[in-house]
There are 2 protein chains.
Amino acid sequence: MAGGAVGPVRQDSAESVRISCLGGACIGRLGGEVSGEQPPKWVYDFAEGSRDMRELLGGKGANVAEMTRVLGSDRVPPGFTITTEACVAFMREGHEPDGLEEQVAAAMRRLEETAGKRFGDETDPLLVSVRSGARESMPGMLDTILNLGLNDAAVAGLARATENDRFAWDSYRRLVQMFGNVAHGVPGARFESAIKEVKGRAGVDSDAELDVDALKTLVDRFQGLYEFPQDPREQLQHAIRAVFRSWTGERAVHYRRINRIPDDWGTAVNVQLMVFGNKGESSATGVAFSRDEVTGVPEPSGDFLVNAQGEDVVSGVRTPRDISELAAVMPEAHEQLMDILRSLERHYKDMQDTEFTIEEGHLWMLQTRNAKRPAQAAVRFAVDAVEEGLLSREEALRTLDAGALEALLHPHFDHGDSYRVLARGVAASPGAAAGAIVFTVEDAVRQARAGEAVILVRPFTEADDVAGFHVSKGILTSEGGKASHAALVARGMGVPAVTGAQVAIDLEHDELRIDGEVFHAGDMIGVDGSEGAVVDPGAQLLEPELDERFETVLEWADRIRRLGVRANADTPEDAAKARELGAEGIGLCRTEHMFMAEGRQPKMRAMIMARDSDGRRAALRELLPLQEEDFTGIFEAMRGLPVTIRLLDPPLHEFLPNLPELRAQVERARLEQGDDMEELEQLLARVEEIHEGNPMLGTRGCRLGILYPEIYEMQVHAIMRAAKSLDEPPLAEIMIPLVAYEHEIEMLRELVVRVSSDYGMEPGRDFTVGTMIELPRACFVANRIARHADFFSFGTNDLTQTAIGLSRDDAESKFMPAYIEGKIVDRSPFETIDAPGVGWLVRLAAWVGREAHPSLKLGICGEHGGDPESIAFFDMAGLDYVSCSPPRVPIARVAAAQSALAR
Amino acid sequence: MAGGAVGPVRQDSAESVRISCLGGACIGRLGGEVSGEQPPKWVYDFAEGSRDMRELLGGKGANVAEMTRVLGSDRVPPGFTITTEACVAFMREGHEPDGLEEQVAAAMRRLEETAGKRFGDETDPLLVSVRSGARESMPGMLDTILNLGLNDAAVAGLARATENDRFAWDSYRRLVQMFGNVAHGVPGARFESAIKEVKGRAGVDSDAELDVDALKTLVDRFQGLYEFPQDPREQLQHAIRAVFRSWTGERAVHYRRINRIPDDWGTAVNVQLMVFGNKGESSATGVAFSRDEVTGVPEPSGDFLVNAQGEDVVSGVRTPRDISELAAVMPEAHEQLMDILRSLERHYKDMQDTEFTIEEGHLWMLQTRNAKRPAQAAVRFAVDAVEEGLLSREEALRTLDAGALEALLHPHFDHGDSYRVLARGVAASPGAAAGAIVFTVEDAVRQARAGEAVILVRPFTEADDVAGFHVSKGILTSEGGKASHAALVARGMGVPAVTGAQVAIDLEHDELRIDGEVFHAGDMIGVDGSEGAVVDPGAQLLEPELDERFETVLEWADRIRRLGVRANADTPEDAAKARELGAEGIGLCRTEHMFMAEGRQPKMRAMIMARDSDGRRAALRELLPLQEEDFTGIFEAMRGLPVTIRLLDPPLHEFLPNLPELRAQVERARLEQGDDMEELEQLLARVEEIHEGNPMLGTRGCRLGILYPEIYEMQVHAIMRAAKSLDEPPLAEIMIPLVAYEHEIEMLRELVVRVSSDYGMEPGRDFTVGTMIELPRACFVANRIARHADFFSFGTNDLTQTAIGLSRDDAESKFMPAYIEGKIVDRSPFETIDAPGVGWLVRLAAWVGREAHPSLKLGICGEHGGDPESIAFFDMAGLDYVSCSPPRVPIARVAAAQSALAR
């Protein structure tokens with residue numbers, strides 16, 4: 001006999017097959033010829049399995065087994081699973097492994113006994129389905145055959161039993177067709193052409209219109225295409241073999257390549273009794289949720305149809321009835337179903353989404369899974385479940401999808417009739433808004449001041465455009481992804497945005513074109529940033545309802561989490577909002593946005609145009625009181641809490657017009673002999689002078705502070721003045737960006753300490769100085785940098801850009817979509833931290849930084865600070881806090897708690 | 001008594017003082033009050049020290065001690081050193097530590113005895129110098145006092161002894177002035193104003209014209225400014241104290257801050273007998289080299305003057321005589337000097353550069369150091385020294401400055417009268433050239449074809465300009481540093497270049513302006529890339545002489561080194577040259593330069609302008625035969641050796657016109673209603689489409705290969721065709737650039753293998769596939785990448801850019817100069833590998849890559865491959881080879897040998 005897998009824990013064997021095969025030579029546990037031993041157990045009845053046996057029984061087999069364990073074998077149509085190991089052995093040996101046929105035959109006998117029917121019976125035949133089920137779902141890739149057990153005689157029995165000739169013959173027609181295609185390799189087109197011909201002769205258009213005689217003709221014609229085995233046992237053997245073979249079919253192999261599923265996992269085969277909800281008025285079929293799937297109200301919900309098949313419920317041909325009505329129609333089955341829903345909830349400790357069939361009064365459960373539900377229902381379930389004693393708080397928190405909670409914090413469109421999608425794009429910043437189209441920041445500011453709701457529409461946005469974000473209700477761009485400038489700034493400010501939308505934006509003619517429809521400035525448009533859609537502005541806007549239940553969940557989370565949660569905020573309004581949402585401080589206050597504000601740009605430009613330090617100082621003197629005012633507002637909003645202020649970071653060119661535009665403008669002015677020529681030329685000269693090929697890697701961050709110390713000095717003056725002016729100042733944490741070398745932070749720390757000593761402010765007591773860790777080199781020398789830093793804040797956006805060598809904007813708009821489609825990456829590394837690369841750098845820096853400076857405070861302020869999976873990573877890496885955009889603060893609180901629970 | 005430092009190994013104590021003080025609280029070995037113990041040894045006679053005692057005796061003290069050891073105390077003016085520890089104790093206690101005064105007094109007694117003179121003697125006084133000498137040289141920062149021991153009585157003795165009244169009184173005048181300034185803090189201005197007044201009264205302009213009486217008056221006036229101690233012992237005590245105090249002077253502290261020298265090192269104080277070469281006709285002074293310092297010919301060289309002081313030899317007031325004439329004048333001293341030069345060479349195992357004084361027939365050696373010498377002399381010395389048995393080959397190799405050898409491989413200007421520097425710039429690519437100025441690539445190509453020698457003059461260069469490099473004799477830019485595009489390409493091609501020159505280049509008027517002088521296109525100019533100078537084109541050009549001795553040295557190096565040496569070469573000419581210089585293969589053949597070649601750009605542009613894969617394929621079909629031709633040429637040149645070919649790397653926009661220029665051009669064309677409008681607009685649209693904010697981090701490298709597989713396919717076809725066409729093909733190593741993810745290399749390796757199978761070529765047998773490691777992430781996941789790679793080649797240029805987050809061009813032209821000046825970095829990280837950051841990444845990738853794939857071949861092809869210090873690093877990191885530009889191949893061979901010797 002063949003097949004030497006031994007040992008009681010079978011899923012382990014499957015695993016070792018996989019591992020031993022990875023090396024190339026697939027020998028080992030299945031390879032030996034061990035005579036005299038029992039063949040392995042290839043077949044498991046559903047009652048023998050459980051959800052832990054996924055590797056051996058496949059996903060589907062494990063799921064149906066678990067349900068059988070919970071509900072008993074009289075609630076789940078009985079059947080059995082042929083293991084993935086049998087498939088592996090079949091592939092290796094080219095035929096059924098020893099013992100398999102016998103074990104299948106025995107299982108079939110048990111099934112007949114349980115069902116009280118016989119395979120091939122001419123009055124009420126036992127029918128089974130044969131379905132593949134791999135360890136991971138491979139939708140549509142492997143084969144399935146239904147209604148196995150029918151033959152020329154049994155079909156009549158089925159017709160009698162269901163009192164439905166058409167159903168019986170259509171089932172048989174489907175079996176012969178499916179079987180021929182799947183098990184005998186008859187091309188589908190040959191069946192299709194036969195159907196077409198018969199339909200033509202009958203003068204009907206759809207399959208559903210074919211009558212019993214036509215179906216009989218078809219069965220006949222199909223049996224002419226190949227030899228359909230009338231023996232149900234032979235059908236079963238062929239069907240099992242067909243499923244095994246489908247594992248190595250071209251389609252499946254290709255799918256596995258793309259999805260990186262190992263070839264040697266194999267698939268399991270599930271053989272299950274078929275049940276029918278269309279056997280008359282005591283039969284029914286439906287779907288049921290253990291609670292309302294939209295609101296979470298603790299009442300089961302769902303639909304059903306009497307005397308129907310599952311597809312009738314879904315297809316909408318007949319209008320299903322509400323599940324509550326089942327109580328009147330079939331009171332016993334209804335009560336059983338209600339019991340079952342409660343049992344399943346208790347067992348799975350989550351809200352359930354089930355499918356059921358009632359066959360002649362008997363309730364069968366076909367499927368159960370944790371119910372997908374909108375955020376509001378999820379929160380309601382969590383709170384109710386704790387009140388009901390169903391779950392502990394910890395368990396309840398685990399049921400939440402932290403990322404989805406954001407929906408609770410943004411207005412959203414009613415997805416009713418008024419909701420019409422005009423174009424798709426990237427869901428860049430959640431929430432919804434409608435307003436008048438503006439194509440320039442100037443228009444945005446002017447019209448918003450006049451009280452108009454505006455949507456800023458640009459091909460893409462730049463730092464210059466930030467003033468427009470403040471006043472716009474929504475942002476729409478035709479370029480860029482989730483991490484484009486527009487998306488980042490919009491998320492940071494909580495402004496809904498759709499980026500990279502399939503629209504044409506023609507700034508020359510001030511036109512937005514969508515599928516031939518042309519919108520002009522002033523026309524209304526809707527932006528659904530949660531869905532990534534440009535919508536008809538008539539859609540109804542709903543305000544978010546922040547209910548008590550959500551507050552309750554957040555309070556639990558706060559008691560459980562280790563990780564602190566702060567917000568990234570640049571304005572007093574954002575700071576106040578963040579505090580309201582539970583932020584424990586500001587982890588990133590970007591000072592450059594302050595310089596972008598209206599009325600400040602000319603001063604900033606004067607500073608940059610200055611030829612020397614004195615000129616810069618003069619311009620900075622004018623900016624100082626404004627900057628002081630900014631800080632005072634933020635400090636007031638965050639009184640008593642820490643506020644991390646990043647000194648100026650972006651390259652100076654971001655404050656000047658863009659070079660190609662300016663070049664063109666100068667060219668026009670030259671030809672038209674404009675009179676502002678000299679000023680323009682000067683501006684052009686300066687823009688060209690500070691122009692850099694790769695500004696991301698250029699003169700920015702602390703490099704600016706070292707070249708132009710007067711800028712950082714002004715900022716420190718402003719911070720100290722603001723702090724001095726308040727009774728209850730926050731703990732100012734002054735952050736030096738883009739540090740790569742120890743001496744950068746050393747020099748700039750000295751600058752900060754020197755300036756602040758003018759105000760009697762002392763480091764450690766009145767403020768701290770730290771650095772943003774956002775370059776790979778900084779991670780390697782973090783021990784040296786830590787000597788001069790009170791804290792590190794990981795700037796994971798830039799760290800991702802440099803570690804992987806991809807610029808956020810360029811990657812997301814150019815090649816990242818192709819990378820995700822081609823499965824080179826699972827997700828954009830700007831969305832979830834790239835653990836093997838960027839994540840290692842974070843861990844390294846945390847480790848060597850703390851080694852040199854044990855009390856070093858560690859935080860993270862990149863976009864990843866609001867992503868639940870990344871938050872779990874940072875928690876494990878031992879960081880002290882995460883900082884994210886204000887609307888994501890509640891998400892971070894929940895994600896941090898979930899991470900603490902997972903440890 | 002104070003000062004508890006104990007233990008015999010005194011330099012260790014100094015070290016521990018330093019370390020214990022770093023923590024802030026400077027307690028420890030010097031802190032205790034240990035009664036009854038002997039005070040530490042604060043004073044060392046020169047005869048007691050050695051060059052290993054730098055930390056205790058300072059650099060100067062250790063050097064004079066070593067020379068005393070070698071030559072005996074009757075050849076080096078005797079004296080003693082007060083240790084750095086005494087200085088540290090003085091600083092701590094605020095006064096001389098216990099025992100110091102006694103030890104100094106004892107040392108003075110020994111000195112008097114040795115010299116046979118007495119301090120303050122009225123006939124022939126003992127004079128000493130008191131000089132500071134820290135562990136590291138701090139030129140001009142610490143104090144020195146000469147002629148100590150003179151007073152109103154002794155000056156007469158000195159005058160008699162030297163038979164030179166003026167000399168004696170001038171010496172005394174200098175002492176009183178220096179002492180007043182240094183030891184008593186009398187402002188220098190007060191002495192100067194006295195001198196000015198006396199000169200005015202005497203009616204002379206310079207100090208040298210002051211006669212004895214005037215000098216006497218001055219001494220008198222000076223003594224009126226403060227109380228000059230007539231007791232020489234008191235002078236000495238004050239002088240020592242002054243040197244100690246100068247360590248904490250503002251100047252020195254500032255210098256240490258900038259140079260990062262710890263404050264607690266302290267300085268040593270050297271007290272040395274003064275000797276005089278101007279005591280008549282039996283006295284002399286001079287400099288002597290153990291061999292000719294220009295040619296290396298094994299004959300001592302040098303100059304001397306009879307009855308003169310050192311400064312007379314240097315100042316050029318009197319014409320010094322050749323050292324060989326000393327044999328006639330003072331045969332005994334000459335013979336002694338020749339002996340000493342030989343001894344010193346033997347001792348230091350290197351050519352020596354010495355200073356000497358003969359005082360009344362007695363030869364004193366004042367200084368010796370390894371002689372700086374040009375590359376040719378260095379090579380000659382190495383070979384001669386081995387022949388003479390002075391050095392082993394290994395020792396001889398160690399005497400070479402590998403980096404300087406490049407000078408032997410380039411033409412150079414004769415630095416005679418014809419050599420006139422017009423402007424300074426960066427020595428970007430060594431060698432010299434003169435030719436006619438051209439401002440455009442088109443002109444360069446046209447005029448070069450007409451046989452003219454041209455110098456390409458541009459503010460900066462871009463990939464577009466590469467065709468111009470091929471045909472130009474030299475390159476001159478006004479922007480960019482040693483690692484600018486111009487510098488890199490020029491070095492790669494061995495074309496002399498000066499970048500970032502202090503010139504104005506006005507492309508609008510085709511003018512090169514230097515200091516007001518205007519050069520037009522066609523005017524002649526000279527470029528000295530070794531010196532970094534724009535020179536008068538009349539300078540005489542000398543061809544390099546590659547002598548046998550250099551070949552000998554290179555052969556030794558080849559026998560010793562472990563590391564392979566390859567060259568970066570993109571053309572058959574470069575490849576041939578590299579092979580001639582000893583390259584063992586090509587480590588980097590950049591295929592994009594081929595597309596820049598004349599006549600190919602339109603085809604390349606057509607490829608980029610194509611809207612779909614078919615259009616690109618059509619354009620690529622036209623490029624295929626050209627690319628095949630390129631490879632055939634290179635392969636022929638490298639027959640039998642490995643050639644690493646990098647598939648297309650740069651972003652496509654580099655093959656199109658630059659955006660701001662094009663924007664301006666379109667603007668002009670629009671206003672002028674040009675008729676090529678449509679084409680221009682299309683071009684602009686495409687340029688805007690592929691424009692990226694940070695192309696370095698954008699769609700380039702393997703990202704191109706994944707988005708446009710047809711490009712890489714064409715390149716692989718060309719490689720395979722070229723390889724098939726040759727009898728003795730090289731080992732083609734196909735390199736995928738910019739890999740960050742395992743699946744990138746996996747997919748592209750599949751592409752390469754698939755295409756090459758069309759030619760019956762098999763990976764492993766006929767070619768290999770590897771990757772460039774140039775992103776931090778790739779280093780972290782190098783084990784996964786190594787599964788699909790036969791080799792790694794570290795692209796340390798890009799790795800430096802991403803690891804430190806600085807773009808080469810932007811950094812070198814914008815902030816790197818300030819960083820080097822401010823000592824934030826010692827050197828540009830693009831010149832020498834940044835060991836703590838970039839270097840770690842290299843070691844990490846080498847380690848985990850080899851762990852996953854033990855036979856993985858490892859090389860490096862960044863600019864660092866030609867830098868000796870970096871080569872040593874790569875050798876230690878276990879790489880298999882370095883690859884550098886052809887002219888640096890000999891340097892790399894020597895550096896690799898030196899590294900092997902250092903292990």
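To find a chain, count down the sequence lines: A is the first, B the second, and so on, and within it residues start at 1. Just so it is clear, the model here is predicted, and its values are computed rather than measured.
If you measure heavy-atom distances from B:E689 to chain A, the contacts under 4.5 Å come from the backbone alone. Of the two parts of B:R784, only the side chain, counted from C-beta on, holds a non-hydrogen atom closer than 4.5 Å to a non-hydrogen atom of chain A. Neither the backbone nor the side chain of B:P651 comes within less than 4.5 Å of any heavy atom in chain A. Heavy atoms of B:L799 lying under 4.5 Å from chain A are absent altogether. With a 4.5 Å cut-off on non-hydrogen atoms, A:P829 touches chain B through its side chain but not through its backbone. For a residue to count as touching a neighbouring chain, one of its non-hydrogen atoms must lie under 4.5 Å from one of that chain's; by this rule B:D834 touches chain A with the side chain only.
Scanning both residues, B:P836 and A:R777, for their nearest heavy atoms gives CG-NH2, 3.6 Å.
Ranked by non-hydrogen atom pairs under 4.5 Å with chain B, the options A:A778, A:A818, A:P695 are led by A:P695. Heavy-atom pairs under 4.5 Å with chain A peak, among B:V838, B:I804, B:V825, B:L659, at B:I804. In terms of heavy-atom pairs under 4.5 angstrom with chain B, the leader among A:P776, A:G693, A:G837 is A:P776. Options A:L662, A:I706, A:L704, A:V781 differ in how many heavy-atom pairs under 4.5 Å they form with chain B, and the most are formed by A:I706. Ranking B:C779, B:A740, B:G698 against chain A, the residue ahead of the rest is B:G698, based on heavy-atom pairs under 4.5 Å. Each of B:M747, B:E744, B:R663 has some count of heavy-atom pairs under 4.5 Å with chain A, and the biggest count is that of B:R663.
Atoms CG and CG, from B:L844 and A:L844 in turn, are 9.0 Å apart once rounded to the nearest 0.5 Å. Here the straight-line distance linking atom CD of B:E692 with atom CZ of A:F815 works out to 7.5 Å at 0.5 Å rounding. The distance from the CD1 atom of B:I824 to the CD atom of A:E746 is 10.0 Å, given to the nearest 0.5 Å. The distance from the CZ atom of B:R668 to the CZ atom of A:R670 is 8.5 Å, given to the nearest 0.5 Å. Taking OG1 from B:T699 and CG from A:L806, the interatomic distance works out to 10.0 Å, rounded to the nearest 0.5 Å.
Using a 30° and 60° split on the angle between ring planes, A:Y819 and B:Y741 fall in the perpendicular class, above 60°.
At least one donor-acceptor pair under 3.5 Å links the side chain of B:K814 to the backbone N or O of A:H691. A donor-acceptor pair under 3.5 Å is formed between the side chain of A:N694 and the backbone N or O of B:M696.
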Do B:F780 and A:L841 pass the side chain to side chain contact (heavy atoms under 4.5 Å, CB included) test, and can you show the C-alpha distance, the side-chain angles, and the key distance before you say yes or no?
CA-CA 9 Å; B:F780 282 99; A:L841 285 165; 3.5 Å; yes
